[in-house]
Amino acid sequence: MADTATPNVIRRADYAPPAFLIDTVALEFDLIPERTVVRNTMRVRRNPDASHAANLELMGEQLEFVGAAIDGAPFAHAHAHEHGLTLDNVPDHFELTLTSLCNPAENTTLSGLYVSGGNFFTQCEAEGFRRITYFLDRPDVMATYTVTLRASKADYPVLLSNGNLLEQGDLPDGRHFARWEDPFRKPSYLFALVAGKLVALEERVKSGSGKEKLLQVWVEPHDLDKTRHAMDSLINSIRWDESRFGLELDLDRFMIVAVSDFNMGAMENKGLNIFNTKYVLANPETATDTDFANIEAVVGHEYFHNWTGNRVTCRDWFQLSLKEGLTVFRDQEFSADMAGGATDEASRATKRIEDVRVLRQMQFAEDAGPMAHPVRPESYVEINNFYTMTVYEKGSEVVRMYQTLFGRDGFRKGMDLYFKRHDGQAVTCDDFRHALADANGRDLAQFERWYSQAGTPRVSVRTAYDTAQQRYSVTLTQGYGDAAPAARETQKGPLLIPFAIGLIGKEGHDLPLQLDGETRPSDATTRVLEFTQTEQTFTFVNVAQEPLPSLLRNFSAPVVVEYDYSPDELAFLLAHDSDPFNRWEAGQRLATRELLTLAGRAATGVPLQLDDSVVAAFARVLTDETLSPSFRELALMLPSEAYLAEQMAESNPAAVHAARQFVRKRLANALRKDWLAVYEKHRTPGAYEATPEASGHRALKNLALSYLAELDDPSEAVRLASAQYDAANNMTDRSAALSALLNAAAANGGSIEAQQALEDFYRRFEKEPLVIDKWFALQATQRGSAQRPVIEIVRKLMAHPAFNLKNPNRARSLIFSFCAANPAQFHAEDGSGYAFWADQVIALDAINPQVAARLARSLELWRRFTPTLRDGMRAALEKVASQVKSRDVREIVEKALA
Ligand code: TRP
Ligand code: ZN
């Protein structure tokens with residue numbers, strides 16, 4: 001069926017409550033890799049709030065049906081089919097026992113029950129539980145679960161599931177069992193089991209109310225020395241949710257398990273979070289500062305889901321952002337608080353800048369392409385394709401806007417009301433909005449549009465200063481540009497945009513803010529304007545001098561701001577804005593402006609040149625010791641090639657690369673002495689420390705090294721990088737040195753130093769898969785040259801004995817890195833990158849459709865590219881469309897070609 005019929009579209013408007021409810025589930029597993037037996041006993045009843053159905057329709061996939069019994073008696077009227085099991089004419093309430101088989105050993109999709117490294121794991125979100133047993137596999141069916149696991153004791157000494165361990169013991173024939181009970185009702189997507197040879201780092205902590213909690217981080221034995229940071233992150237997460245939101249851990253035991261074959265980052269199964277090893281394992285030798293930060297964020301994210309996702313879950317998958325947007329917002333705030341506390345705005349800004357950079361580079365691009373959708377989508381073909389930047393990152397921005405409107409205390413009141421109303425329920429995004437509105441006495445009907453409109457809003461700004469009247473007016477206009485075709489279809493009227501603004505005087509200080517009609521200026525020099533009309537003018541009075549506006553401070557809404565700052569004004573904001581985010585933003589605008597002009601020239605073969613004033617603005621940041629190293633690193637990093645290409649009328653990756661490289665070289669050569677001084681000054685000798693300060697020093701120092709590697713004569717950089725590589729006691733410095741060596745050598749077709757470092761790196765870390773992933777990724781993302789195209793290196797690496805297409809981390813490290821993070825090489829004019837992409841999407845489709853569909857997305861913006869590339873891209877998409885089988889990939893390529 002799947003490969004002939006048009007794929008079925010699931011629509012939000014078609015939601016209907018389930019005809020039956022399931023109150024309790026008792027699962028028994030006989031775990032055998034090729035033939036696992038699952039016995040599932042459920043208490044089922046007709047749903048009083050649904051229309052009558054005679055038959056019970058259960059979902060099931062890739063299962064072998066063995067038998068059914070109702071109230072203990074064999075039931076003959078159960079028919080297994082491709083999508084599940086139909087039970088004819090069932091009673092109003094009954095106990096149903098189903099037995100079925102599945103084959104975890106052959107399950108390469110990593111959805112359902114599968115084997116990885118000889119151990120058993122599950123992944124049920126979104127619709128994987130139906131690959132384990134027949135069920136009403138939808139989040140509005142909530143039940144309590146008891147789980148009995150039976151397996152060989154020698155092969156699977158550890159048996160884990162959700163909740164509390166009730167009993168365990170030995171069985172005949174070298175087998176043993178464990179019985180678990182989860183006291184909380186949950187949807188099936190939160191079920192999990194793990195069985196295998198694992199060991200745990202354990203801690204006992206007391207929660208806010210004084211109860212003792214057992215915390216465990218389970219890993220393979222050789223990884224036990226890489227669990228401390230994940231455990232610390234978990235303890236910090238528990239403390240943070242208590243202090244910021246008054247939310248306590250509700251189970252006696254909380255477990256994290258690491259698995260090396262995993263489709264996504266991690267999964268919030270109740271009491272038994274399952275993580276990609278990438279987001280658990282870290283020590284200074286194997287993990288970078290970024291890895292440490294990501295682990296803290298993901299551990300926090302999954303832990304915070306315990307309340308936002310698990311205690312209150314989603315009614316249906318269209319509401320995914322209810323849990324994901326909210327939980328991303330919570331993990332972002334957690335990371336910011338960990339870095340800067342509640343009040344150190346400069347340190348908090350570092351996190352904010354990083355998050356906004358991801359949003360603008362990835363989510364804005366999504367909004368401009370064929371997969372554009374609202375935060376709460378209206379339809380999907382495959383739900384796994386909707387775990388997107390829009391649902392997660394834009395969803396988080398939407399939640400952040402409530403906090404921007406109501407303040408932290410108002411937001412907290414809304415959260416408290418949300419839990420008071422909905423604890424234990426499966427609810428909608430509207431329920432969340434109503435809780436926030438009611439707790440703050442506000443009507444938020446207009447705010448609903450943030451959930452239902454696709455596309456990136458654009459706010460254009462006009463200002464006028466009346467010297468005689470000392471009035472300054474700011475006129476805001478909102479709409480969607482041509483770049484957001486999806487927006488036109490869903491547009492319903494203007495949005496409520498919290499627009500934070502400050503006014504800066506000639507001396508660089510914030511001016512007092514008094515709106516027309518107010519009796520005196522406010523204490524704060526940032527005001528959040530509530531911008532609700534298509535066009536609206538805000539007038540400030542008693543403005544003694546013509547100010548420079550600081551717009552959308554701290555990125556108060558996920559929009560594009562259009563305002564024609566001059567380069568001098570941007571340099572002034574970069575030097576003076578009191579809002580650290582906007583200080584960074586001014587530098588980005590300045591750089592983007594220059595880079596786009598240069599890219600336009602490069603595209604038409606005009607020689608490139610860069611104004612000295614731009615170099616001077618960057619020099620001031622580089623040498624300003626009053627700025628934190630982490631801020632300077634962010635400010636001196638140029639916008640990415642992908643972001644820049646997206647800003648062009650027609651994306652031209654080669655021109656963008658030429659322009660960006662030109663500017664990097666120019667900044668390297670012009671400021672050589674300063675880069676060298678910064679490199680020396682920000683070394684972090686001695687034992688490695690994972691603190692934000694130390695990592696800021698390393699980031700700035702390694703940025704300096706990467707600029708030095710651009711020098712016309714890179715010999716000094718090569719010397720520094722080689723020495724840094726040899727002396728490094730941590731992965732941040734070692735991988736930065738290796739990357740600098742690779743890039744310094746690119747123009748000359750490689751170097752001895754780079755080759756030797758690569759070989760050393762491999763030998764040194766041969767037994768550390770996560771580090772070998774870095775080894776592949778560094779090579780796939782390196783700069784190439786005409787003599788040495790990176791595609792050839794990638795092709796060779798595909799045949800390396802350590803390469804394995806079945807492991808998602810490994811596939812991502814080589815294939816995704818090349819196709820999505822090396823645009824200049826991937827978009828080679830000869831189309832070689834596209835042909836490679838098509839082959840890999842097709843190969844992955846047969847193994848793991850979810851991973852294949854992610855890779856498939858790297859060509860979705862093809863229509864926005866320069867005409868010389870478009871044909872090759874379309875041909876590759878058509879090839880994939882004609883060969884793939886999965887719903888996942890078909891939805892992506894068919895939308896791209898439509
Ligand atoms: N809910 C997970 C999160 O924390 C996402 C996730 C993990 C997921 N594994 C998945 C989604 C597999 C789809 C398929 O964000
Ligand atoms: Zn999540």
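Start at 1 and go down the list; that is how both ligands and their atoms are numbered. Numbers here are sequence positions counted from 1. Quantities reported herein were computed from a predicted structural model and do not represent experimental measurements.
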Note the single closest protein heavy atom to atom 7 (C) of ligand 1, along with its residue, its atom name and the distance in Å.
Ala266 O, 3.0 Å

Once the angle between the rings of Trp240 and Phe304 is folded into 0 to 90°, is it parallel (under 30°), tilted (30 to 60°) or perpendicular (over 60°)?
tilted

Could you tell me how the ring of Phe135 sits relative to the ring of Tyr145: parallel (under 30°), tilted (30 to 60°) or perpendicular (over 60°)?
tilted

Under 3.5 Å, is there a donor-acceptor pair linking the side chains of Ser233 and Asn236?
no

Does Glu302 bring an N, O or S atom to within less than 2.8 Å of the Zn ion (ligand 2)?
no

Evaluate the ring planes of Phe555 and Phe364, with Trp represented by its six-membered ring, and classify them as parallel (under 30°), tilted (30 to 60°) or perpendicular (over 60°).
tilted

Should Glu324 be counted as touching ligand 1, given the test is an N or O pair under 3.5 Å?
yes

Just how far is it from atom CD of Glu125 to atom NZ of Lys323, taken to the nearest 0.5 Å?
3.5 Å

By number and element, which atoms of ligand 1 are closer than 4.0 Å to a non-hydrogen atom of Glu302?
3 (C), 4 (O)

Give the residue, atom name and distance (to 0.1 Å) of the protein heavy atom nearest atom 9 (N) of ligand 1.
Gln123 NE2, 3.3 Å

Quick look: Lys323 vs ligand 1, heavy-atom contacts under 4.0 Å, and the answer is side chain

Should Asn384 be listed as contacting ligand 1, given a heavy-atom distance under 4.0 Å as the test?
yes

In this structure, the Zn ion (ligand 2) sits at the vertex of an angle between OE2 of Glu324 and NE2 of His301 that rounds to 10° as 160°

Provide the full list of salt bridge (charged side-chain N to carboxylate O under 4.0 Å, His left out) pairs with a residue in residues 306-315, sequence neighbours left out, each pair given once.
Asp250-Arg311, Arg311-Asp423

Counting non-hydrogen protein atoms only, what is the nearest one to atom 14 (C) of ligand 1? Give residue, atom name and distance.
Glu125 O, 3.2 Å

Report, in ascending order of atom number, the atoms of ligand 1 lying under 4.0 Å from any heavy atom of Tyr392.
2 (C), 3 (C), 5 (C), 15 (O)

To the nearest 0.5 Å, tell me how far Lys270 NZ sits from Leu251 CG.
5.0 Å

With atoms numbered from 1 as shown, which atoms in ligand 1 lie under 4.0 angstrom from a non-hydrogen atom of Gln850?
12 (C), 14 (C)

For residues Asn848 and Asn263, is any side-chain donor paired with an opposing acceptor at under 3.5 Å?
yes

Are the ring centres of Phe318 and Tyr380 closer than 6.0 Å?
yes

Atoms of ligand 1 close to Met267 [distance to a heavy atom under 4.0 angstrom, numbered from 1]
1 (N), 2 (C), 7 (C)

Selected option - heavy-atom contact closest to atom 2 (C) of ligand 1, from Glu268, His305, His301, Met264:
Glu268

